[in-house]
Amino acid sequence: MTRTLRSELYSALAEVFSDPPDWLALSGSQWPLYSIATDLALDSINARLALGKMEGISPEPIAIRQERYNALFSGPGRPRFWLHESLYRSGQLFGSETMDVEGIYRTAGLVIEGAELPDHVSVELAFLAYVANQQVNADQPSGTWVEIEQNFIKTHAGQWLPALGRALAECGDEVYAPIGQLLADWLMGSRQPLHHGYAPTTGLYTPVMQEVENCSLCGFCVQVCPRRVLSIHEDSSKTVLLYSGRSCNGCGKCVRICPARVLILRKLIPGAGTSGEMVVLSSSPRALCPKCGRPTVSQAELEYITGQMGYLPWLELCQECRFISMEDV
Ligand code: SF4
Ligand code: SF4
C-alpha cells in the first residue's frame with residue numbers, strides 16, 4: 001500500500017498524542033515526525049519555527065517523556081489540556097461530538113475498537129491518516145476521500161485541534177510545544193477550501209471585514225499572513241486587529257483560516273491599491289480576571305470560547321489564578 005507523506009504526518013501526530021511512542025525518546029531531529037514534516041517542505045513561518053525547535057530537542061528516557069505527557073494530558077488532578085473533542089468543545093465527555101465522529105467513521109467503513117473514545121485526538125488523527133491513504137489506494141474516486149478529509153477537518157478536527165495545538169505551543173514544555181505548533185500549523189494551513197467561493201489570487205484582492213461582531217480576535221489570520229500585514233495589538237484596556245495593506249498580495253490565506261468567516265476578499269479597483277495606513281479591522285475590550293482584576297484575553301475571545309465550551313468559571317481567570325486554583329484542587 002502506498003502511503004502518502006500526509007498520512008504519515010497524521011499517523012505520527014496520532015502516535016504522540018496516544019502514548020509517547022519509543023521514537024519520542026530520541027533527539028528531535030531523529031523523530032519520524034521531524035523527517036516527515038521536513039520532507040513535506042512545509043513553508044509557513046510557524047512550521048519552520050516548530051521544526052527548528054524540534055531539532056534542538058535532546059534524547060531523554062521514554063519514562064521522562066511519559067511524565068511530560070502525563071503532566072500535560074492526564075493529571076494528577078485536572079489535566080492541563082483535554083484530548084477529547086467533546087470535552088474541548090462542549091465541556092463534557094462523550095458528548096454529541098463523540099457520537100457524530102463515530103457516525104462518520106462508520107460511514108467510511110470503520111469501527112473503532114480499543115480503549116480510546118472516537119473523539120480522542122489520536123483517533124481523529126488516525127482517521128485522517130486512513131482517509132489520506134485511501135486517496136491513493138482506494139477503488140472509489142480519490143475526490144470522494146479528499147472530500148471526506150476536508151469535511152472532517154471542517155466539522156471536527158479543524159474546529160478544535162488548531163486551538164489545542166496553539167495552546168500547547170505556549171505551554172513551555174520543550175517536547176510538546178513544537179509538536180503542538182506543528183499540529184496547529186498543519187490543520188490551519190491550506191487544507192480547507194476558500195470560504196465564500198473565492199479562488200486564490202495574487203495582488204488583485206484585499207481582505208475586508210464583515211460582521212465584525214463575530215470576530216473573536218483569535219489571531220489565526222495574523223499567524224498565516226505571509227506578508228505580515230495583519231497584526232494584533234493589545235494594551236491594558238483593549239485588543240485590536242490591525243491591517244496595513246501596502247504589501248498585501250491578496251493570497252486569501254487569512255480568509256481561508258478565519259474560523260468565524262468574517263473576512264472576505266474584495267477586488268481592488270485597478271490602480272487604486274491600498275493606502276498602507278493602519279486600519280482597525282476589529283477591536284474588543286479586554287476581560288478582567290474576577291480574582292485579581294488583571295486583564296486577560298479579549299472579551300470577544302472569551303465569549304467565543306464560552307460559546308464553544310459552555311460556561312466554565314476557570315475560563316475567566318488569568319493564567320496565574322488558573323494555576324493557583326488548579327493547585328487548590
Ligand atoms: S478575522 Fe477571523 S481569524 Fe482574524 S482574528 Fe477575527 S475571527 Fe480570528
Ligand atoms: S490576503 Fe494574504 S497577504 Fe493579504 S492580509 Fe490576507 S493573508 Fe495577508
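Both counts, for ligands and for their atoms, begin at 1 and track the order of listing. Being a predicted model, the structure only gives us computed values, none of them experimental.
- Near Gly252, the atoms of ligand 2 lying under 4.0 angstrom from a non-hydrogen atom of the residue are 1 (S), 2 (Fe).
- Under 3.5 Å, the side chains of Gln66 and Asn70 contain a donor-acceptor pair of N or O atoms.
- Under 4.0 Å from ligand 2, the heavy atoms of Val229 that appear belong solely to its side chain.
- Comparing Leu265, Asn249, Leu281, Val255 against atom 3 (S) of ligand 2, the shortest heavy-atom distance belongs to Asn249.
- Close approach to Leu217 involves these atoms of ligand 1, each under 4.0 Å from a residue heavy atom: 5 (S), 6 (Fe).
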Compile the donor-acceptor pairs under 3.5 Å between side chains in residues 122-132 and protein atoms, sequence neighbours left out, one pair per line.
| residue | atom | partner | partner atom | Å |
| --- | --- | --- | --- | --- |
| Ser122 | OG | His120 | ND1 | 2.8 |
| Glu124 | OE1 | Trp160 | NE1 | 3.2 |

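- Test Ser282, Ser283, Ser231 against Leu242 for side chain to side chain contact (heavy atoms under 4.5 Å, CB included) and you get one pass: Ser231.
- Of all non-hydrogen atoms in Ser247 and Val229, the two that sit nearest each other are OG-CG1, 3.3 Å.
- When non-hydrogen atoms are compared, ligand 2 lies under 4.0 Å from the side chain of Pro207 (C-beta onward) but not from its backbone.
- Protein N/O/S atoms closer than 2.8 Å to atom 2 (Fe) of ligand 1: Cys258 SG.
- Closest to atom 4 (Fe) of ligand 2, if we only count protein heavy atoms, is Cys248 SG, 2.4 Å.
- The nearest pair of heavy atoms linking Leu317 to Cys289 is CA-SG, 3.9 Å.
- Within the listing of ligand 1, atoms 5 (S), 8 (Fe) sit less than 4.0 angstrom from a heavy atom of Gly219.
- Interface of Cys225 with ligand 2, defined as ligand atoms under 4.0 Å from a residue heavy atom, comprises 3 (S), 5 (S), 7 (S), 8 (Fe).
- In this structure the side chain of Thr296 never reaches within 4.5 angstrom of the side chain of Leu302, judged on heavy atoms.
- The nearest heavy-atom contact from the protein to atom 2 (Fe) of ligand 2 is Cys251 SG, 2.4 Å.
- Among residues at least two apart or in separate chains, salt bridge (Lys or Arg N to Asp or Glu O under 4.0 Å) pairs with a member in residues 218-237 are Glu234-Arg286, Asp235-Lys238.
- At a 4.0 Å heavy-atom cut-off, ligand 2 touches Leu230 through the side chain alone.
- Between Phe73 and Tyr176, the distance separating the two ring centers is shorter than 6.0 angstrom.
- Pairs of residues two or more places apart, or lying in two chains, never qualify as ring-ring contact (aromatic ring centres under 6.0 Å, His included) while including a residue from residues 206-232.
- Using modelled atom types and a 3.5 Å distance limit, the side chains of Thr206 and Tyr243 yield a donor-acceptor pair.
- Counting only N and O atoms by type, the side chains of Tyr10 and Glu15 include no donor and acceptor under 3.5 Å apart.
- Interface atoms of ligand 2 facing Pro226, defined by a heavy-atom separation under 4.0 Å, are 7 (S).
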